[in-house]
Structures are given as structure tokens and as C-alpha cells.
Amino acid sequence: MAMDNTGTGSSGRREPADWEWLSAREWYASELAYRRQESGLTLVQLAELCLYEQSYLHRLERGQRLGTADAAAALDRVYGTGDLLVKLWHLAKQEAKERPFVGLAALEAVAVGIQEYVNSAVPDLLQTRAYAQEQVRLLRLDGVEQVDAKVAGRLARQERLADPDPVHYRALIDEAVLRRKARDPRTWSEQLEHLVQVAQLPHVSLHVVPFGAGPHQLLGPLELVFLPQGRMVAYARSSCGGHVVEEPEEVEPLRLAYDMLRDAALTPAASLTFLRALLEEHTGGGAAKDIEP
């Protein structure tokens, strides 16, 4: 069988020797390409039959997108493959959930923009060393060396905000974060001072989400990372860990929820006033006032 430049045979399906090395996502994409070529359909014809855009179908066949279960079901109907493609899609989806996460640093290093929401602690990218040490110690790591390594890694990620060409960063900080002080008063003073300073940088936008904003859809910390070529991924955290969301169909609702919360938050100018009032209150200069959106 002749081989093309994708590593598949002329029919689009991988050679048997490749099977044990294929990920579920690669197998799904290979099967899509094979089924279309066996059917004799062009992408244009397939798009007309299943009512999905030609460019979308092309990315599915190349493995650039996983797409949705609905798209897999539509293709099953066109090819008469029962629920084969839907099953392969679910395998690929489960594989993506179980894939080890290498960390946010690699994504942030190439990001063109970062947007974040936090509701329990100051964002990692805005923490002082002392505050970061206090937070990391809560993880109950084994030994001082692990704590120091974790803190060093967190501070290293902050270099993207200090680059000559820094990434644009937007953070929505729940008021609960700012009311939950660090255990050491000096550590909290330094952290508030740092937030006031960072909030004035031209490439940073800080928004306080006051209690008066009411309930919203984001129930836990969320980071949206904007990558080159318009790609965006999300990282959602919980007390049990976190997971990456890559498919546009799943990222977009998170982005919408983020944008709606941003609209309910204080403006950067009002947020800076709020932070300065908290700092004054903490250092004994007066009482901070709650600010409604």
C-alpha cells in the first residue's frame, strides 16, 4: 500500500504496525479520514451531508480538533458505521482527561494573553515570596526543599509579567480573597502593597469582584490562556486538583462566564481604590469601605 505524507496508507488508515503506538485521538482522526476516502466523498460533499463546515471536518481528520460527540454521531450516520465513531470519540475524550498535566508554566511561556479568576487565594502570578511560602506550606509537602522548589517555580512563572514585551494579564479577584488575610501581618502588608503596585502596570488589569456582585457561574478558580494563532485553553482548578480544557466547544462557555463576571466586577480604577483602602485599613490608617459594583 502506498504511503502518503501523513504516515497513513493511501486509504487514510494507519498501517497495522502503527496501531500500538496510536493515541485514541490519532486513531479517531485516522478512522475519519479512512471512512471518507472509502466512501469516495469529498470534504465539500461530506459537509453538505452532515451539515458541518468543511474546514471543521478537515481539522477533525487531521487530529487538530477532537470536535463533539454530536459530530461523531453525524458522521456515523453518513458512513453507516453504527456507533463506531462515537465510541472512538469517547475513548479519545477519556484519554485527554487522564493525560498527565505538565503544568501551566509551559503554556504561559508562549501565551499572548492570560485571564484568571480566583476565589480563595491571591493569583500565583501576583504572589510575593512570603505569601507564596505560606500558601505552599498548606500543601503539606515533604521537607523544606520541596517547599522551596514549589515557591521558586511559582515565582519563575511571574517573569512573563516582567518581560520587555510582557504578556497582557487580567485577574478577577474575589473580595473573599482580600478579606482572608495572610497569617503574618507583615506578609499581608507586603502582599497588598504588591497588588497596588502591579495594578498600576499598563499590561495588567485587576478587577475586584465585590460581595455585592452577587452569585455567578464560576464556582472555582479558572485560568484562560490565549495562545498564538488564536488558540485558547482553559485550566480549571478544584480542591482535588485541576484539568485542562482544550476543545473550543468547551472553552467558549467558560470564557463567556468569565466575561460576564468581569462585567459585574469593579473597574480597574475602582479596584485600585479598593486595594488602597484595604492596605490603609490593615496598616492602621483607617477602615476600608465596601464598594458596590
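Within a 6.0 Å radius of CD in Q217, other residues, nucleotides and ligands contribute 12 heavy atoms or fewer.
Atom-to-atom distance recorded for T128:OG1 and E134:CD is 9.0 Å, nearest 0.5 angstrom. Here the CG-CD distance, from L206 to Q200, works out to 10.0 Å after rounding to the nearest 0.5 Å. Rounded to the nearest 0.5 angstrom, L91 CG and Y28 OH are separated by 11.5 Å.
Summarising the geometry of C50 relative to V78, their closest heavy-atom pair is CB-CG2, 4.0 Å, with the distance given to 0.1 Å. Nearest approach of N119 to R180, heavy atoms of both residues: O-NH1, 4.2 Å. In terms of heavy atoms, L254 sits closest to L222 at O-CD2, 4.0 Å. Taking all atoms of both residues into account, the shortest heavy-atom contact from R160 to D165 is NH1-O, 4.0 Å. Smallest separation of non-hydrogen atoms from T283 and S189: CG2-OG, 4.0 Å.
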For this session: Please report the C-alpha distance between Q158 and Q127 in whole Å, then the side-chain angles of each, then the deciding distance to 0.1 Å, and finally whether the side-chain contact (heavy atoms from CB on, under 4.5 Å) criterion is met.
Result: CA-CA 9 Å; Q158 298 179 6; Q127 293 180 5; 4.2 Å; yes
Problem set entry | Derivation of the side-chain contact (heavy atoms from CB on, under 4.5 Å) call for I114 and R170 | CA-CA 6 Å; I114 299 171; R170 183 186 302 277; over 6 Å; no
For this session: Decide yes or no on salt bridge (Lys or Arg N to Asp or Glu O under 4.0 Å) for R157 and E108, but give the supporting numbers first.
Result: CA-CA 8 Å; R157 288 170 51 203; E108 293 169 346; 2.9 Å; yes
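Two different hydrophobic clusters hold V225 and L218 under the rule that ILVMFWY side chains link at heavy-atom gaps under 4.5 Å. F274 and L172 fall into different hydrophobic clusters, where Ile, Leu, Val, Met, Phe, Trp and Tyr residues are linked whenever their side-chain heavy atoms come under 4.5 Å apart, directly or through other members. By the criterion of side-chain heavy atoms lying less than 4.5 angstrom apart, applied directly or through intervening Ile, Leu, Val, Met, Phe, Trp or Tyr residues, L224 is grouped together with V209 in one hydrophobic cluster. Under the 4.5 Å side-chain heavy-atom criterion for grouping Ile, Leu, Val, Met, Phe, Trp and Tyr, Y258 is not connected to I173 through any hydrophobic cluster. By the criterion of side-chain heavy atoms lying less than 4.5 angstrom apart, applied directly or through intervening Ile, Leu, Val, Met, Phe, Trp or Tyr residues, L46 is not grouped with V44; the two fall into different hydrophobic clusters.
Here the options are Q191, E193, Q197, the test is side chain to side chain contact (heavy atoms under 4.5 Å, CB included), and the partner is L195; only Q191 passes. When each of H203, E116, Q115 is paired with Y169, the side chain to side chain donor-acceptor pair (under 3.5 Å) condition holds for E116 and for no other.
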Ignoring hydrogens and angles, write down the donor-acceptor pairs under 3.5 Å from the side chains of residues 53-60, residues two or more places apart or on other chains.
from : atom 1 : to   : atom 2 : distance (Å)
Y56  : OH     : T68  : N      : 3.4
Y56  : OH     : E249 : OE2    : 3.4

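Shown here are the salt bridge (Lys or Arg N to Asp or Glu O under 4.0 Å) partners of K181, two or more places apart in sequence or in another chain: there are none.
Ring pair W188/Y131 is tilted by interplanar angle, where 30° to 60° counts as tilted.
Taking the charged nitrogens against the carboxylate oxygens, K93 and E250 do have a contact shorter than 4.0 Å, which makes a salt bridge. We find that E175 and R179 are joined by a salt bridge, their nearest charged nitrogen and carboxylate oxygen being less than 4.0 Å apart.
If you check the side chains of H207 and R262, you find no donor sitting under 3.5 Å from an acceptor. Between the side chains of Y117 and D174, at least one donor N or O lies within less than 3.5 Å of an accepting N or O.
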